[in-house]
Amino acid sequence: MSSILLLGESILKKMIGLVSTLILARVLLPEDFGIVAIAILIIGLIEILSNTGSLQYLLRVDEIDEEKVNTAFTIDVIFKGSIATLIAALSFLIADYYDDPRLINVILSLTCVFMLSGLRNPGEVFLRREQNYTKLIKISLVAKVISVIVAIFSALTLQNYWALIFGQATNAVLMLVGSYFVHPHRPKLTLKNAREQWQFSSWIIPQSIFGYIRTQLDTFIVSSTFGKAELGSYHTMKYIAFMPSSHIVLPIIQPFLVELRKTMHNPNEFAKQFNTSFIITMLIALPITCTMYFHHEIVTLVLLGKNWLEYSVLLGTFSLLVPAFVMLNQCLRVLIVYGKTKHIFMYECVAFVILYSSLFAVGIEDLLLFTSVRVGIENIMCFVFLILITVKYTSIKNTLSLLASIIPFLLGAVLAAISSSYFVTLTNYSFLKLLIATMFTFLTFYGTVFVFHLIFRHRFQEWKYLETLLLRTIEPIKKRLQR
């Protein structure tokens, strides 16, 4: 039920975000998105450098109290404040590197926005552990709606990149204020539990740094090699392609961390929970990827307009990162549950070396080739990582069972691509094309999976368990409708 609530929230936020993108992309130029992309790249680095893994720590420990929560809050404030101050001081050098003085005020503004987000009420973690997401979802949706309205109004009025910054600032302020309404906890500065938390965080911080550099260094390379229009397009296509991961898949994943922790001492239950969580997320990820990959021109035309069409193939290529995201996060959840944060860091180091040595070997003169190699290597590494983690923490037999159970998904994806490509030719209107493509992709994909489920339901315990979960979820909805 928690996953459904979070998924519903994310879908609504995504719809709101898409409306915002539709308007902003037609008012602003790719160059405007390029300027903000550089600043967001820097602010993202601040966020990662100061990521102490406090939320993961508080979700995985058996019990928490106000002392542990306040210690996590204090550690976050210290790290975020120190690093944000350093980046703000370096804003002049960053602007000089890109030869664009406008970046100074943009970076300083986004640094302040980042600091606001770091002061949110840590008491939210009590609600997350109880899987009580209703209040969090309400405040998040309100903040999203208002921030989008502010961004659109600013874009129509100013017609420059400040509209995007004002939208982010509004969201940060509303989330900060709202966090103190959703839970009565009031944070205090303390470091009483710092030693225990640092043992967990000492590997999370370098892992986060390497992870961020691995996922964002390509954007930095593009920003240093190509113009702001190419950078803006690259960043925007990457962002849109990643929206399903951040707005749909990630919310579904969050409750599974708690569920995996509950079964970690029962190998059979852990394997079943591991497989089921992976299958659920892939059921969501694959049809979305199919729609964006095979119909990237239609998606780009509807969302961003004609000015972005020449870069639509980047959207299709980046959409292949959605399955990679699912595989990687499945592995990370397991390692966090078992407290193996050192292994996460080791993976990030190895992945970084493999990815960027390959990219530099290929060269960066061709933006599409650069993107294709980057996405392809990412998928290969995540797949290998998934196999290793599944074998180590479950069994070889379970690994084979998991791989066999997702074969229908791959077949469904192929059939979905064929059917949607045929029916999309029935109209010349872009919006209707996208609607038809999406509808037939999902119908064909889930129809194929359902047929395989009926045939092989008794051979795969994960599918039987999924059926039980679905019936259990539908039951309270039916009772409410009957009332």
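Note that these values count all heavy atoms, side chains included, but never hydrogens, waters or copies made by symmetry.
More than 12 heavy-atom neighbours from other residues, nucleotides or ligands sit within 6.0 angstrom of CE on Met439. Around atom OH of Tyr293, no more than 12 heavy atoms belonging to other residues, nucleotides or ligands sit under 6.0 Å away.
Among all heavy-atom pairs drawn from Pro187 and Asn70, the shortest one is CA-OD1, 3.3 Å. In plain terms, the two heavy atoms of Val299 and Met292 that are nearest each other are CG2-CA, 4.5 Å. Residues Pro323 and Ser319 come closest through the heavy atom pair CD-O, 3.8 Å. Among all heavy-atom pairs drawn from Ser420 and Phe440, the shortest one is CA-CB, 4.1 Å. Scanning all heavy atoms of the two residues, the minimum distance from Gly123 to Val69 falls at N-CG1, 4.4 Å. Closest non-hydrogen pair, Gly316 versus His296, comes out as N-CB, 3.7 Å.
In this structure, Phe73 and Thr190 have side chains that are not in contact, with every pair of non-hydrogen atoms separated by 4.5 Å or more. Side-chain contact between Phe270 and Val334: present, with at least one pair of heavy atoms (C-beta onward) separated by less than 4.5 Å. Residues Arg374 and Lys238 meet the side-chain proximity criterion, which asks for heavy atoms closer than 4.5 Å. Considering only heavy atoms from C-beta on, Phe278 stays 4.5 Å or farther from Thr390 through its side chain. With contacts defined as side-chain heavy-atom distances shorter than 4.5 Å, the pair Phe325/Thr281 does not qualify. Leu90 is not listed as a side-chain neighbour of Ile107, based on a closest heavy-atom distance of 4.5 Å or more. Contact of the Ile139 side chain with the Ser179 side chain is not registered, since no non-hydrogen atoms from C-beta on lie closer than 4.5 Å. Between Lys80 and Leu119, the closest side-chain pair of non-hydrogen atoms is not below 4.5 Å.
The backbone N or O of Lys397 lies less than 3.5 Å from no partner atom in the side chain of Ser401, so there is not a single donor-acceptor pair. Between the side chain of Asn121 and the main chain of His185, a donor-acceptor pair closer than 3.5 Å is present. Here the side chain of Asn171 pairs no donor or acceptor atom with the backbone of Gly167 at under 3.5 angstrom. Proximity of a side-chain donor or acceptor of Tyr234 to a complementary backbone N or O of Tyr311 within less than 3.5 Å is not detected. A donor-acceptor pair is defined here as one N or O able to donate and one able to accept, closer than 3.5 Å; no such pair exists between the side chain of Arg120 and the backbone of Ala172.
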Checklist entry - Going through the checks in order, is the side-chain contact (heavy atoms from CB on, under 4.5 Å) test met by Phe442 and Thr291? => result CA-CA 9 Å; Phe442 277 75; Thr291 301; 4.0 Å; yes
Next on the checklist: Checking Tyr393 against Phe274 for the ring-ring contact (aromatic ring centres under 6.0 Å, His included) test, could you report, in this order, the C-alpha distance in whole Å, the side-chain angles of both residues, the deciding distance, and whether it holds?
Outcome noted: CA-CA 10 Å; Tyr393 290 95; Phe274 176 91; 8.8 Å; no
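A donor-acceptor pair shorter than 3.5 Å cannot be found between the side chains of Ser312 and Thr300.
Here the two rings, on Phe385 and Tyr347, have centers that are under 6.0 Å apart.
Phe318 CZ to Asp218 CG: the interatomic distance, rounded to the nearest 0.5 Å, is 6.0 Å. With values rounded to the nearest 0.5 angstrom, Ile354 atom CD1 is found 11.5 Å from Cys349 atom SG. Between atom CG of residue Asn275 and atom CG of residue Leu402 there is a gap of 4.5 Å, rounded to the nearest 0.5 Å. For the atom pair NE2 (His295) and OG1 (Thr441), the distance works out to 4.5 Å, reported to the nearest 0.5 Å. The OG1 atom of Thr74 sits 11.0 Å away from atom NZ of Lys192, with the distance rounded to the nearest 0.5 Å. Leu410 CG to Leu415 CG: the interatomic distance, rounded to the nearest 0.5 Å, is 11.0 Å.
Under the ring pair (Phe, Tyr, Trp, His ring centres under 6.0 Å) criterion, His183 pairs with Phe126, sequence neighbours left out.
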